[in-house]
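One structure below.
Both backbone and side-chain heavy atoms feed into the values below; hydrogens, waters and symmetry mates do not.
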Amino acid sequence: MIQALIFAPLDFMGRHATRFLFGGVLVGLLIPPLAELLRPGLVVFLLLPLTLSLMRLDWSAFQSYARRPLLFIPIIIFLLLICPLLMFAALLPLGLSRPLMEAIVLMAAAPPITGTVAIALILGLDAALAVIAMVITTALVPFTLPPLALLLLNIEVQMSLVEFMGRLALMVGFAFAAALIAHRTLPRGWLQANRRLMDGSSVLALVLFAIAIMDGVTAKLMAQPGYVILATVSAFIANLSLQAIGYAVGRFVLRFDQAAALTLGILAGNCNMGLVMVSLADRAVFDMVVFFAMGQLPMYMLPGLLQPIYRRVAALQT
């Protein structure tokens, strides 16, 4: 009875994942005390979707990419170097305020969010590509983001390489270890039979993360509504632009199939701005923080809004 009461809501969330993701960020904005209450759980909410996605993943899919390791060199260069350079070049003549321009370029320089793996699974795209690209780019970003920030924006990012890499290795290593233990200990077929339950748990964690990260944003919205609206519109445009460029690079340059090309687009557009905020510390001025917070909106809303388009494109003949 108790098991059914727990499983039924999670299964429902798994079947309606994109709608819950859409609503999560709005709840965080509309109910500030809830965002404040959940904020201490940010790390847990960040790691749980990655762990569950790795558990659900068809690990045999990794073998295909393991036979083509050089394929990830252009992917890494594109995500960590070309995206921020293109964004900087596109924004330079627009005359945006300095903090907003800096925030958008730093967004493009960040690695994909861990939630891209769960999003790829939910949308039926190439989750193996998503997880490999996410892990490698996240591991390499301490070497790429600081020099880019200094070169393009004259921002000296205060990032302790040893501490950053240690935390990263601990988080990613934990997720992989937990997934490996699950694969070896759970009965054969359990993971496949309960994939919607795991999708629902991933969605719940992503929604809780979206609510928690909005802590303090509502007050800033009331204080500077004009800039918050501008930051939100800019975040949607930047996300969609990077997704379109990523898809085009994957499809026409790297010759990926439709699902893999869409996955590269999602990886390019959904950037881990939380890591940038941590690295900037007190250098992140108010206007930049606002953009990083409002940048969560397209990451959680677009999968639901664009799901029919993703599925239609993925179904095209390759």
Side-chain angles (χ1 to χ4, degrees), residues 2-25 38 40-62 65 111-139 167-213 259 263 266-267 270 272 274-275 296 299-300 303-304 307 310:
I2 296 178
Q3 187 179 35
L5 289 175
I6 296 174
F7 279 27
L10 291 176
D11 181 73
F12 181 79
M13 292 186 76
R15 286 185 282 114
H16 302 279
T18 55
R19 295 177 184 176
F20 279 97
L21 291 176
F22 188 100
V25 286
L38 293 175
L42 273 174
V43 175
V44 175
F45 303 147
L46 189 68
L47 281 180
L48 187 58
L50 175 61
T51 304
L52 291 172
S53 297
L54 290 170
M55 289 171 58
R56 248 210 67 181
L57 201 59
D58 178 10
W59 287 64
S60 64
F62 283 104
Y65 288 110
I113 59 170
T114 58
T116 52
V117 182
I119 292 171
L121 279 171
I122 291 167
L123 296 175
L125 301 180
D126 194 332
L129 172 63
V131 70
I132 296 173
M134 182 275 297
V135 170
I136 295 175
T137 53
T138 305
R167 290 180 179 179
L168 172 66
L170 182 63
M171 290 190 296
V172 176
F174 171 83
F176 271 94
L180 182 61
I181 291 172
H183 271 277
R184 293 192 173 182
T185 57
L186 292 174
R188 183 181 296 274
W190 189 93
L191 294 174
Q192 180 65 21
N194 292 275
R195 67 180 187 275
R196 271 216 308 247
L197 170 66
M198 291 165 45
D199 282 348
S201 300
S202 294
V203 172
L204 176 60
L206 288 170
V207 169
L208 293 176
F209 178 84
I211 295 172
I213 205 170
T263 303
I266 289 174
L267 289 166
N270 295 286
N272 197 334
L275 290 180
Q296 308 303 310
M299 290 194 291
Y300 283 86
Q307 186 175 33
Y310 290 136

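- Side-chain contact check for Phe209 versus Leu42: some heavy-atom pair is nearer than 4.5 Å.
- Here the straight-line distance linking atom CD1 of Ile119 with atom OH of Tyr300 works out to 7.5 Å at 0.5 Å rounding.
- Asp126 and Thr263 get closest at one heavy-atom pair: N-OG1, 3.0 Å.
- At a threshold of 4.5 Å between non-hydrogen side-chain atoms, the residues Ile266 and Leu123 count as touching.
- In this structure, Thr138 and Asn272 have side chains that are not in contact, with every pair of non-hydrogen atoms separated by 4.5 Å or more.
- Scanning both residues, Thr137 and Pro112, for their nearest heavy atoms gives OG1-CD, 3.1 Å.
- Between the CD1 atom of Ile211 and the CG atom of Leu206 there is a distance of 11.0 Å, given to the nearest 0.5 Å.
- Rounded to the nearest 0.5 angstrom, Leu52 CG and Met55 CE are separated by 6.0 Å.
- Considering every non-hydrogen atom in both Ala130 and Leu267, the closest pair reads O-CD2, 3.8 Å.
- Nearest heavy-atom pair across Ala205 and Phe45 is O-CB, 3.5 Å.
- When all heavy atoms of Ala178 and Thr51 are compared, the closest pair comes out as CB-CG2, 3.6 Å.
- Here CZ of Phe174 is found 7.0 Å from CG of Leu47. Values are rounded to the nearest 0.5 Å.
- Between atom CD1 of residue Ile113 and atom CD of residue Gln296 there is a gap of 7.5 Å, rounded to the nearest 0.5 Å.
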